[in-house]
Amino acid sequence: MITKALEEIRRGTAEIIDMEAIEKLVKRYYETGETYTVKAGFDPTGADLHLGHTVLLQKLKTFQAHGGRVQLLIGDFTATIGDPTGKSETRKVLDRATIMANAKTYQEQVFNVLEESKTTVVYNSKWLNELGAAGLLGLTTLFNVARMLERDDFEKRFKSGQSISISEFLYPLLQGYDSVELKSDIEIGGTDQKFNLLMGRHLQRAYAVGKEQAVLMMPILEGLDGVQKMSKSLNNYIGITESPKDIYGKTLSISDDLMWRYYELLSEKPLDEIAQLVEDVKNGTVHPKTAKENLALEITARFHNEELAKLAKEEFNSVFKANQIPTDMDDFDMEDGIWICQALVDAGLEPSTSQARRDIKQNAVSINQEKISDDKLNLGCGDYILQVGKRRFAKVKVK
RNA sequence: GGUGAGUUACUCAAGCGGCCAACGAGGGCGGAUUGUAAAUCCGCUGACUACGUCUUCGGAGGUUCGAAUCCUCCACUCACCA
């Protein structure tokens, strides 16, 4: 039982620091029933969670199944600084109101994956506001600039002469201090968080908390393009609140290479089963498309349910394979004689009439499944199905 | 505080008085091909019922028949010095 639990914990991780400590905690749980705490921080800088976040959530859930109590840390204070991670430029600072709004929607979505009864949500502004200037200065004496500059992106920016604000130096310190307050046993995060996660260990020792958190890092999930990390701002994400149709369709649009990555990090299939699948696809027993369909079904079902996932699949096949129209489209009522380009804009299929004209010229627009080429067309009374490209549809009623 | 360089469309990046709605690359979108995959080829990529008109090149003024291009002021970014 314990070995099995540890296997699951280890699955898909990029790096674990102090696996022995984790083993001890899990063992102790199974022997005495004593729980332990697992911390994970979220920056409420965007409003919606996407699959990239669920890689972490999924791992937290695994811990919950084996005696872990999750400390879900909402970095409402640190979000006002902006973690330098990732992009090599100073991040924009958000105002308090949007941060709080984001934090709220995060919480709602998190419990799609996590067990609420084994989760404590905490806000770091609670103690960081009280830390004060004196406390902050005390914190800064525990670390030095040379070591801070060891951090990968700081080093790069420093060498290439890009700006690093002092506040960014504080970010890792504050995140580490959270671990002091929470007395976390384990902290998990993405590989890009390594420096910050280790800071938690460092500070726990410095503040004599009596333990040093183990650190577990998950790989960063690539977005739909397969290159950059999944993020809302790059618009290469699958949001967990999206419709079954979208989740299914987006998953199917990823490349074959990326599919294996998603299998590894997102699927709940056992690893040996996935290895077998890779083999089958390689030797031609299983078509890659089939493998991808199954992945899409699994992911869709996780955030909705199996029935809806199957419906999404059928819908998808009828639309794209059989070239039929989708069943649910947005409806619009329009005035008699409306110009086709205007209709496309009003239906939200095109951003401007100029773009609509271009697409018509390029044979991208159909009415009732018939391609059109006249961009001066006016629509008389009747029902129409407008289509732009392969995937944008709308139902229009002209009176 | 001083000196110098810079700010161009989603991003990078040309243009340095008319040939500029602005080279090129990436991205995005569309077409062909396909498994709505990858790869490849081709086209499009400010707005406007549109062979014309309007608004764009950090912001505000000015010079000129004419400005992204020249001048003045302001804001911001970067580099070197203090």
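Any value given below was found using the heavy atoms of this structure, including those in side chains, with hydrogens, waters and symmetry copies removed. Residue numbers start from 1 in every chain, and the chains themselves are labelled A, B, ... in the order their sequence lines are given, proteins ahead of strands.
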Quiz item: Has the side chain of A:K390 got a donor or acceptor that lies under 3.5 Å from a partner of the other kind on the base of B:U34?
Solution: yes
Quiz prompt | Spacing between A:N363 atom CG and B:C42 atom P, to the nearest angstrom | solution = 18 Å
Quiz item: Who passes side chain to side chain donor-acceptor pair (under 3.5 Å) against A:K211, sequence neighbours left out?
Solution: A:D185
Quiz item: Side chain of A:Q362, base of B:G31: donor and acceptor closer than 3.5 Å?
Solution: no
Quiz item: For A:Y36, is the NZ or CZ atom of A:K24 found under 6.0 angstrom from the centre of its six-membered ring and inside 45 degrees of the ring axis?
Solution: no
Practice problem: May I have the distance from A:Q228 (atom CD) to B:U11 (atom C1'), rounded to whole angstrom? | Solution: 10 Å
Exercise. Please state the P separation for the pair B:C81 and B:A14 - nearest whole angstrom.
Key: 26 Å
Quiz item: Across the strands shown, which category fits A:G226 at heavy-atom distances under 4.0 angstrom: base, sugar-phosphate, nothing?
Solution: nothing
Practice problem: List, by chain and number, the other hydrophobic cluster members for A:L386, where Ile, Leu, Val, Met, Phe, Trp and Tyr join if side-chain heavy atoms come within less than 4.5 Å, directly or indirectly. | Solution: A:F332, A:M334, A:I338, A:W339, A:I340, A:L344, A:L349, A:I360, A:V365, A:I367, A:I372, A:L377, A:L379, A:Y384, A:V388, A:V396, A:V398
Exercise. Rounded to whole angstrom, note down the C1' distance from B:U45 over to B:U11.
Key: 14 Å
Quiz prompt | Integer angstrom distance from the P of B:C65 to that of B:U77 | solution = 38 Å
Quiz item: Is the distance between the ring centroids of A:Y29 and A:H66 under 6.0 Å?
Solution: no
Self-check item: Interatomic distance at P, B:C10 relative to B:A79, whole Å
Solution: 27 Å
Quiz item: ring-ring contact (aromatic ring centres under 6.0 Å, His included) with A:F42: which residues, sequence neighbours excluded?
Solution: none
Quiz item: Can you check the A:K282 NZ to B:A38 C1' distance for me, whole Å?
Solution: 17 Å
Practice problem: Using the C1' atom as the reference point in each nucleotide, state the distance between B:A22 and B:G18 in Å, no decimals. | Solution: 13 Å
Quiz item: Roughly how far apart, to the nearest Å, are B:G43 and B:G24 at atom P?
Solution: 12 Å
Quiz item: Could you run down nucleotides 46-56 of chain B 5' to 3' and tag each one B, S or - for protein heavy-atom contact under 4.0 Å?
Solution: -SBBB------
Quiz item: With A:K61, which residues qualify under salt bridge (Lys or Arg N to Asp or Glu O under 4.0 Å), at least two apart?
Solution: none
Practice problem: Whole angstrom is fine here: how far is it from CZ in A:R392 over to C1' in B:C29? | Solution: 7 Å
Practice problem: Answer yes or no: side-chain N or O of A:D256 and base N or O of B:G35 forming a donor-acceptor pair under 3.5 Å. | Solution: yes
Exercise. Only pairs at least two apart or in different chains count here, so list each side-chain hydrogen bond (donor to acceptor under 3.5 Å, both in side chains) that has a residue in residues 265-286 of chain A.
Key: A:Q58-A:E268, A:S267-A:E298, A:Q276-A:D280, A:N283-A:T285
Self-check item: Intra- and inter-strand pairs of RNA chain B in dot-bracket (Watson-Crick or G-U wobble, both distances under 3.5 Å; | for another strand)
Solution: ((((((((.[[[..)..(.....]]]((((((.......))))))(((...)))...[[[[[..)....]]]]]))))))).
Self-check item: Rounded P spacing from B:C70 to B:U7 in Å
Solution: 11 Å
Exercise. Select base, sugar-phosphate, or nothing to describe what A:L258 touches, counting heavy atoms under 4.0 Å on all strands.
Key: nothing
Quiz item: For A:K313, what residues pass the side chain to side chain donor-acceptor pair (under 3.5 Å) criterion, not counting sequence neighbours?
Solution: none
Exercise. Please list, chain by chain and in numerical order, all residues satisfying ring-ring contact (aromatic ring centres under 6.0 Å, His included) with A:W260, sequence neighbours excluded.
Key: A:Y263
Quiz item: Is it true that A:E187 and A:R201 make a salt bridge, defined as a side-chain N closer than 4.0 Å to a carboxylate O?
Solution: no
